[in-house]
Amino acid sequence: MAGDADSGGLPGGEAAEEMGMGGEEERVATLLGIAEECDTEEELRLLLRGNPHPVCYDSFLPCDRMTIAQGVLKAIHVRKMVEAGCRVKIWIDDWSAFLNNKLGGDMEKIQTVGRYMIEVWKSIGMNHDGVEFLCSSAEINSRADEHWPRVMGISTHRKIGVVRELRECKKPTAQFFNPCMQCAGIFFLEADICQMGMDQHEVNKLATTYSDNRQEKKPILLSHYLLPGLKGQNKMSASDPASAIFMDDEKAFCPPKIVKGNPCIEYIKYIIFPWFGKFEVVRKAKNGGNKTFMSVEELVMDYESGSLHPADVKPALKEAINQILKPVREHFENNKEAKFLRDTVKGYSEVNSE
């Protein structure tokens, strides 16, 4: 399942290669641009000053259909990491999916989902030479003598609740062990930068504690924003189909005049502007006529004032997302292997929802 990502059409890729990775300030700004939090900016600067091609770790659990939070947002983040000169290693964490009993713990199904997700990213244009997909079970099995002692060492630094909470908890022991496995993957891949979601604080904290105590290389932590669900949840999740936009979906929710917590505005800010550099609204002359927004600030100002209505935002957002997803949908319709993977994974999702 390991390999480099190949052809596609993600905007900015070829241009980035022609421009080079830029100076230190430009590289720092690019990486900070994908992070809600950075631990620490000073260490990031020192790293980039001395290392033109640091290893950046990202991971995913292959367990369900792909949402735009995974498909589009990760593609944007990876593009920016490569632009900053990073060598991106994406950890296909099938072991963690197994420990969390995803797809009933069926490793064959889990790995099928992993291949499907890689196929999505390739079709959307994650086409850089600096991207490598690595399957955790295959990599760990090839270097088990290195990996498992580290997992044991990390486990000595993880503290789990209080006795009363453990007595009442009905989770399998494997799920308590899983953060140690996730953390070990960071060091296993010798990551200089760890790029994960804001919901992965426990794993990040474990990595920091372990590196401090064992005097191993401490990864710089870049925690990225979590795209909200359509119902306003903090995180879009494939486990709640009604709140998610999948890579083959066409739906959106947009409350009028409300910017904070408005998923449509968040999607425009974190997906549409980074992808296109603008947001185009087509509307009747009596409603203000067509308008191209060149900044999020301009969009927010019009939306809060009421001069830009949800009835105009939703179709414009839908059109923009459909433009992004068009090559993905065409690939999965026209490529026999890709279509088989998509239909198989959809079948898994339908069974799990019953």
Side-chain angles (χ1 to χ4, degrees), residues 27-28 30-48 51 54-63 69-70 73-74 76-78 80-81 84 86-97 99-100 102 132 134 136 139-140 146-161 171 174-228 233-237 270:
R27 295 172 70 201
V28 170
T30 298
L31 291 175
L32 291 180
I34 66 176
E36 288 288 296
E37 293 180 3
C38 175
D39 185 13
T40 65
E41 182 176 336
E42 181 182 355
E43 291 173 319
L44 178 63
R45 290 180 180 278
L46 288 172
L47 172 68
L48 297 182
N51 189 341
V55 172
C56 187
Y57 167 97
D58 201 343
S59 69
F60 69 92
L61 259 64
C63 59
Q70 293 172 306
L73 198 60
K74 192 180 290 289
I76 291 170
H77 290 167
V78 167
K80 290 184 176 180
M81 287 186 279
C86 296
R87 290 177 293 136
V88 181
K89 295 187 177 183
I90 299 182
W91 194 234
I92 308 164
D93 206 349
D94 54 352
W95 267 127
S96 286
L99 289 173
N100 280 288
K102 300 297 185 180
E132 186 177 9
L134 297 162
S136 68
E139 297 298 318
I140 289 168
E146 174 188 339
H147 178 77
W148 292 111
R150 179 174 281 123
V151 173
M152 297 300 105
I154 290 171
S155 70
T156 66
H157 297 286
R158 187 179 185 229
K159 295 177 172 48
I160 310 175
K171 288 184 179 180
Q175 292 187 26
F176 291 107
F177 192 59
N178 185 47
C180 301
M181 287 279 289
Q182 289 180 287
C183 181
I186 298 168
F187 296 97
F188 185 84
L189 297 180
E190 300 180 340
D192 299 295
I193 299 171
C194 179
Q195 199 281 132
M196 295 195 291
M198 291 288 290
D199 57 342
Q200 296 298 313
H201 276 286
E202 181 180 8
V203 175
N204 289 341
K205 184 179 178 181
L206 259 180
T208 300
T209 303
Y210 177 75
S211 59
D212 288 344
N213 282 276
R214 295 300 179 99
Q215 296 184 330
E216 288 212 37
K217 177 175 67 176
K218 176 186 174 183
I220 291 156
L221 307 177
L222 292 180
S223 300
H224 67 75
Y225 171 82
L226 299 176
L227 208 64
Q233 305 94 321
N234 291 332
K235 179 182 177 181
M236 182 182 291
S237 173
Y270 288 97

*Assess whether side chain to side chain donor-acceptor pair (under 3.5 Å) is satisfied between Ser136 and Asp94, documenting all intermediate values.*
CA-CA 6 Å; Ser136 68; Asp94 54 352; 2.5 Å; yes
_Are the side chains of Ile92 and Leu134 in contact, using a 4.5 Å heavy-atom criterion?_
no
Of all residues at least two apart in sequence or in a different chain, which pass the salt bridge (Lys or Arg N to Asp or Glu O under 4.0 Å) check with [X]?
X: Lys205; answer: none
X: Lys74; answer: Asp58
X: Glu146; answer: Arg143, Arg150

Just jot down the side chain to side chain donor-acceptor pair (under 3.5 Å) partners of [X], sequence neighbours excluded, or say none.
X: Tyr57; result: none
X: Thr209; result: none
X: Glu37; result: none
X: Asn51; result: none

_Give me the atom names and distance for the closest heavy-atom approach of Ala97 to Pro62._
CB-O, 4.0 Å
For residues 176-194, tabulate all N or O donor-acceptor pairs below 3.5 Å that involve a side-chain atom, not counting sequence neighbours.
| from | atom 1 | to | atom 2 | distance (Å) |
| --- | --- | --- | --- | --- |
| Asn178 | OD1 | Ser96 | OG | 2.8 |
| Asn178 | ND2 | Gln182 | OE1 | 3.4 |
| Asp192 | OD1 | Lys217 | NZ | 2.9 |
| Asp192 | OD2 | Val55 | N | 2.8 |

*Counterpart residues, side-chain contact (heavy atoms from CB on, under 4.5 Å), relative to Leu46 (two or more places apart)*: Arg49
*Mind checking what makes side-chain contact (heavy atoms from CB on, under 4.5 Å) contact with Ala69, not counting sequence neighbours?*
Thr67, Leu227, Met236
*Start with the C-alpha distance between Cys38 and Leu44, add both sets of side-chain angles, then the distance that settles side chain to side chain contact (heavy atoms under 4.5 Å, CB included), and finish with yes or no.*
CA-CA 8 Å; Cys38 175; Leu44 178 63; 4.2 Å; yes
*Ignoring hydrogens and angles, state whether a donor on the side chain of Thr40 or Glu43 is under 3.5 Å from an acceptor on the partner side chain.*
yes
_Cys56 and Met81: CA distance, side-chain angles, deciding distance, side chain to side chain contact (heavy atoms under 4.5 Å, CB included) verdict_ = CA-CA 8 Å; Cys56 187; Met81 287 186 279; 2.9 Å; yes
*asked:* Restricting to ring-ring contact (aromatic ring centres under 6.0 Å, His included), what partner residues turn up for Phe60, sequence neighbours left out?
replied: Trp121
*asked:* Students often mix this up, so state it plainly: with edges at 30° and 60°, are the rings of Tyr225 and Tyr270 parallel, tilted or perpendicular?
replied: parallel
